[in-house]
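Taking it in order: structure first as C-alpha cells, then the write-up.
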There are 2 protein chains.
Amino acid sequence: MSIKSNDTPRIRRTPEESRANILAAAEQLLVEQGPQSLRLADVAKAAGVANATVLHHFGSISAVHTALMEQMIGQLVDSIMAIEIPVDAPVEARAVGLKTLFDALETPGVARLAAWLELTDETSRLTVVREAVQEVAQKKISSAGVPEDLAEDMILLSVTLAVGVGLFGPSLGKLIGKPEGRARELTLQMLLANFQRLAE
Amino acid sequence: MSIKSNDTPRIRRTPEESRANILAAAEQLLVEQGPQSLRLADVAKAAGVANATVLHHFGSISAVHTALMEQMIGQLVDSIMAIEIPVDAPVEARAVGLKTLFDALETPGVARLAAWLELTDETSRLTVVREAVQEVAQKKISSAGVPEDLAEDMILLSVTLAVGVGLFGPSLGKLIGKPEGRARELTLQMLLANFQRLAE
DNA sequence: AACACTACTGACAAAAATGTCAATAAAGAG
DNA sequence: CTCTTTATTGACATTTTTGTCAGTAGTGTT
C-alpha cells in the first residue's frame with residue numbers, strides 16, 4: 001500500500017556540488033534578506049532540497065553559516081589580492097587601483113557580510129576574518145617597495161573608508177538626496193589628494 | 001493550600017519606568033552581545049522581570065526591537081544635532097566639531113546599531129532611519145550660511161566616514177597591528193586637510 | 001478598611017526552528 | 001542484472017522561542 005509518486009525525480013549531486021548549491025542559495029538569501037533569513041528551512045527551500053539534506057552535508061545550520069562566511073570572505077580576499085595600489089606610482093595608476101578596491105567593497109553582498117560579521121561576535125568565527133586580513137596585509141604590505149608605515153596607513157585608511165562607503169554611502173546619500181555614488185566619489189577624490197600630499 | 005512565598009517582593013513601576021527599564025536592559029544586550037541576543041527570555045531576564053511583563057508593555061518582542069531602534073536612533077540624532085561644524089569657520093573650530101562627530105559615532109553601541117539596521121531590511125523599520133536622517137539633514141544643512149552643495153557634501157562625507165571608522169576602524173586596525181584609533185586619526189587628518197583645500 | 005485599578009507573574013499553550021532516523025533511490029562497480 | 005554505496009527525503013522527535021491567561025499583589029482612592 002505504499003505508493004511513492006515520482007513526479008519530481010531526485011537530483012543526486014556529488015557532495016561538493018551539493019554543498020556548493022546550498023551555499024549559493026544561502027548567499028543569495030543573505031544578500032537579499034539578511035542573516036535572519038538563514039534558517040534551516042529557508043536555506044533548504046532556496047536550495048531546492050529537503051532540510052535533512054542540508055544537515056547531511058553540513059551537520060548543523062550553524063556550520064552552514066560558518067562555511068558561508070568562509071566562502072564569502074575568501075572571494076572577497078581573492079578580489080582584493082588581485083589589486084595593485086603602488087604608493088609610489090603615478091596618480092593615474094593609484095586611482096585605478098583605488099577604484100577597483102572600492103568596487104570590490106561596494107557590492108551589496110559585501111556590506112551584508114561586513115555587518116553580519118560585526119554582529120557575530122563568537123570569537124571562533126572571527127578567526128576567519130583575522131586570517132583573511134593577515135593574508136592581505138602581509139602579501140600586500142610587504143611586497144611594495146615602500147616605507148612600511150606609510151603603506152600600512154594607506155591600506156588601513158583605504159580599506160576602512162571603502163568599507164564604510166560601501167556599507168553606508170548609498171543609503172546615506174539617498175537619504176540626504178544625493179546622487180548615487182556621491183559618497184564614493186568624494187571619498188576617492190579625497191584619498192587621492194591625500195596620497196599626493198603624503199608623497200610630496 | 002495555595003501558599004505564595006514572598007521572598008522577593010514585586011517591584012511595581014509606572015508603565016513608563018517599566019518600558020524604560022526593559023529598553024535599557026535590551027540596549028545593553030544589543031551592545032554587548034548583538035541583536036541575536038534580543039530574545040524575549042533574554043531581555044526579560046536582563047531587565048529582571050518575567051517574560052509576560054515584557055509582552056504586557058510592548059505586545060511582542062518585535063515591538064521591543066522597534067522601540068529600541070527608535071530610542072537609540074533618537075539618542076544618536078540628539079547627540080549629532082548638538083554638533084556644529086561650520087564649513088567656513090577657522091580650522092580649529094572645524095577640528096573640534098569633527099572630533100565630536102566621530103566621538104558620537106565611535107561608541108560600540110552605535111556600530112552595533114548601524115550594523116543591525118543594515119541587516120534589518122523590513123521597510124517599516126527603515127522609516128525610522130529615514131526620518132532621523134532627514135531631521136539632521138534639514139536642520140543642519142539649511143541652517144548653515146554656506147553653499148548648500150558644499151555643506152551637503154561635507155556632511156555626507158563626514159558622516160559616512162565617521163560611521164565606517166566607528167564600525168570597522170578598531171577591528172581592522174587591530175587586525176593589521178595598528179594602535180587603537182589609528183584609522184580615526186588618519187581619517188580626521190585627511191578630512192581637515194580636505195576642508196582646507198576646498199575652502200581655498 | 002474596603003475597593004478599584006492594573007502592573008506583574010507562573011503555568012501553560014502555541015508556534016517556530018533544529019535535529020534524528022529509517023527508508024528510498026540514483027549512480028557506479030562487479 | 002545484481003549489489004553496494006550514499007545522497008536524498010518524509011515523518012517524527014526535540015528544543016527553542018514566543019505568546020496567552022487567569023490569578024496575584026502593589027498603589028492610590030473613597
Side-chain angles (χ1 to χ4, degrees), chain A residues 1-26 29-30 33-69 116 119-120 122 124-125, chain B residues 1-26 29-30 33-68 116 119-120 122 125:
Chain A
M1 289 297 286
S2 63
I3 299 175
K4 294 281 177 177
S5 55
N6 226 7
D7 340 12
T8 321
R10 287 186 185 175
I11 300 176
R12 188 191 175 98
R13 296 174 242 249
T14 66
E16 299 75 35
E17 284 172 345
S18 202
R19 284 177 61 98
N21 170 53
I22 291 167
L23 284 183
L29 274 183
L30 173 72
Q33 307 194 325
Q36 59 277 63
S37 296
L38 290 180
R39 287 174 285 253
L40 176 58
D42 294 327
V43 172
K45 186 178 180 184
V49 299
N51 295 12
T53 303
V54 176
L55 295 174
H56 172 70
H57 288 290
F58 290 91
S60 72
I61 189 61
S62 181
V64 174
H65 297 168
T66 303
L68 178 59
M69 282 184 180
W116 189 26
L119 292 178
T120 307
E122 306 172 31
S124 62
R125 289 182 178 167
Chain B
M1 288 296 286
S2 62
I3 300 177
K4 294 283 176 177
S5 55
N6 225 7
D7 337 12
T8 321
R10 287 186 187 175
I11 300 177
R12 187 190 176 98
R13 295 175 242 249
T14 67
E16 298 74 40
E17 283 173 346
S18 200
R19 286 177 59 99
N21 171 54
I22 291 168
L23 285 183
L29 274 182
L30 173 72
Q33 306 192 319
Q36 62 276 49
S37 296
L38 289 180
R39 286 173 287 255
L40 176 58
D42 294 327
V43 171
K45 186 178 179 184
V49 300
N51 294 12
T53 303
V54 176
L55 295 175
H56 172 70
H57 287 290
F58 290 92
S60 73
I61 188 61
S62 180
V64 174
H65 297 167
T66 302
L68 178 58
W116 188 26
L119 293 178
T120 306
E122 305 172 32
R125 288 181 178 168

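Numbers restart at 1 for each chain; the letters A, B, ... are given by sequence-line order, proteins then strands.
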> CD of A/E17 to NE2 of A/H57: how many Å apart, nearest 0.5 Å?
Replying inline: 10.5 Å
> To the nearest Å, how far apart are A/N51 CG and D/dA7 P?
Replying inline: 18 Å
>> Could you tell me if the side chain of B/K45 sits less than 4.5 Å from the side chain of B/N51, heavy atoms only?
In response: no
> Which whole-number value in Å describes the distance from B/R19 CZ to C/dT6 C1'?
Replying inline: 16 Å
> Looking only at side-chain N and O atoms, does B/S18 come under 4.0 Å of OP1 or OP2 in C/dA7?
Replying inline: no
Every protein N/O lying under 3.5 Å from an N/O of nucleotides 11-17 of chain C:
residue : atom : partner : partner atom : Å
C/dA17  : OP1  : A/R39   : NH1          : 3.3

> Taking CD from B/E16 and P from C/dT6, how many angstroms apart are they, rounded to a whole number?
Replying inline: 13 Å
> Taking the side chain as C-beta and beyond, is there a heavy-atom pair between A/V43 and A/R39 under 4.5 Å?
Replying inline: no
>> Should the side chain of B/R10 and the base of C/dT9 be counted as holding a donor-acceptor pair, with the cut-off at 3.5 Å?
In response: no
>> Nearest to the B/P15 side chain among C/dA27, C/dT24, C/dA7, which nucleotide is it?
In response: C/dA7
> At what distance, to the nearest 0.5 angstrom, does CZ of A/F58 lie from CG of A/L23?
Replying inline: 4.0 Å
> Taking NE2 from B/H57 and P from D/dT20, how many angstroms apart are they, rounded to a whole number?
Replying inline: 16 Å
>> Quick check: on DNA chain C, is the nucleotide nearest A/S60 upstream (toward 5') of the one nearest B/V54, or the reverse? Name the residue that is more 5'.
In response: B/V54
> Mind checking whether B/W116 and B/L38 have side chains closer than 4.5 Å, heavy atoms only?
Replying inline: yes
> Just how far is it from atom NE2 of A/H65 to atom OG of A/S60, taken to the nearest 0.5 Å?
Replying inline: 8.5 Å
> Roughly how far apart are A/L55 CG and A/L40 CG, rounded to 0.5 Å?
Replying inline: 5.0 Å
> Between A/N21 and A/V49, is a side chain to side chain contact (heavy atoms under 4.5 Å, CB included) present by the stated rule, with each step listed?
Replying inline: CA-CA 10 Å; A/N21 170 53; A/V49 299; 4.3 Å; yes
> Considering only D/dT8, C/dC8, C/dT18, which nucleotide approaches the side chain of A/H56 most closely?
Replying inline: D/dT8
> D/dT9 phosphate, OP1 or OP2: any side-chain N/O from A/T53 under 4.0 angstrom?
Replying inline: yes
>> Let's see if you get this right: which residues in residues 42-50 of chain B place a heavy atom under 4.0 Å from DNA chain C?
In response: B/V49, B/A50
>> Let me spell it out: for each of B/I11 and B/G59, pick the nucleotide of DNA chain D with the closest heavy atom. Which residue's pick is nearer the 5' end?
In response: B/G59
> Rounding to a whole Å, what distance do you find between B/F58:CZ and D/dG19:P?
Replying inline: 13 Å
> Does a side-chain heavy-atom distance below 4.5 Å link B/L119 with A/P35?
Replying inline: yes
> How many Å lie between CG on B/L55 and P on C/dG10, as a whole number?
Replying inline: 14 Å
> Atom CZ of A/R12 and atom C1' of D/dA7: how far apart are they, to the nearest Å?
Replying inline: 4 Å
> Does the side chain of B/R13 come within less than 4.5 Å of B/I11's, by heavy atoms?
Replying inline: yes
> Just how far, in rounded Å, is P of D/dT8 from CD of A/E17?
Replying inline: 9 Å
> Under 3.5 Å, is there an N or O donor on one side and an acceptor on the other linking the side chain of A/R13 and the base of D/dT8?
Replying inline: no
